[in-house]
Amino acid sequence: CNRTAEGRKTEFDVSALGRAFSKCTTKRLSSDGPSVMNTLDNPNAIQSVTKEGKAGIKKGIYSITVPAWSFTEIVLE
């Protein structure tokens with residue numbers, strides 16, 4: 001969850017989990033500000049994006065950069 005007005009890079013050390021991850025799915029909700037909500041007049045004020053791809057883990061570290069005012073769910077497989 002990024003509750004700031006700037007994008008943030010986050011890193012997770014997954015080396016202790018004892019397995020290799022090859023696939024990553026992210027589901028993200030984001031908006032233009034902290035108090036934005038979907039309404040009848042603006043039903044797409046909060047955007048939802050799902051992406052699938054390679055996990056891209058390097059030396060046991062998974063890194064992701066998330067946009068401002070967003071919530072990101074990360075699933076590594």
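The structure presented is a predicted model; accordingly, all values stated were derived computationally and were not measured.
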Would you find a donor on one side and an acceptor on the other, under 3.5 Å apart, between the side chain of D32 and the backbone of V36? no

Can you list the other members of the hydrophobic cluster that holds I57, where links are side-chain heavy atoms under 4.5 angstrom apart? F12, V14, L17, F21, Y62, I64, V66, I74, L76

I'd like to check R28 versus P67 (side-chain heavy atoms, cut-off strictly below 4.5 Å). Are they in contact? yes

Closest heavy-atom contact between W69 and P34? CZ3-CB, 3.5 Å

Scan T72, V49, I46 and name whichever one has a side-chain contact (heavy atoms from CB on, under 4.5 Å) with L29. I46

Correct closest heavy-atom pair for K54 and C24 would be O-CB, 3.9 Å

How many angstroms lie between atom NZ of K9 and atom OG of S63, to the nearest 0.5 angstrom? 4.5 Å

Return each pair, listed once, that meets side-chain hydrogen bond (donor to acceptor under 3.5 Å, both in side chains) where at least one residue sits in residues 12-25; pairs must be two or more places apart or across chains. D13-S15

Taking only residues two or more places apart in sequence or in another chain, which ones pass side-chain hydrogen bond (donor to acceptor under 3.5 Å, both in side chains) with S70? none

Can you tell me how far apart OG (S31) and CG (N44) are? Round to the nearest 0.5 Å. 12.5 Å

E6 side chain vs T4 backbone, donor-acceptor pair below 3.5 Å: no

Rounded at 0.5 Å granularity, tell me how far CZ in F71 sits from SG in C1. 6.5 Å

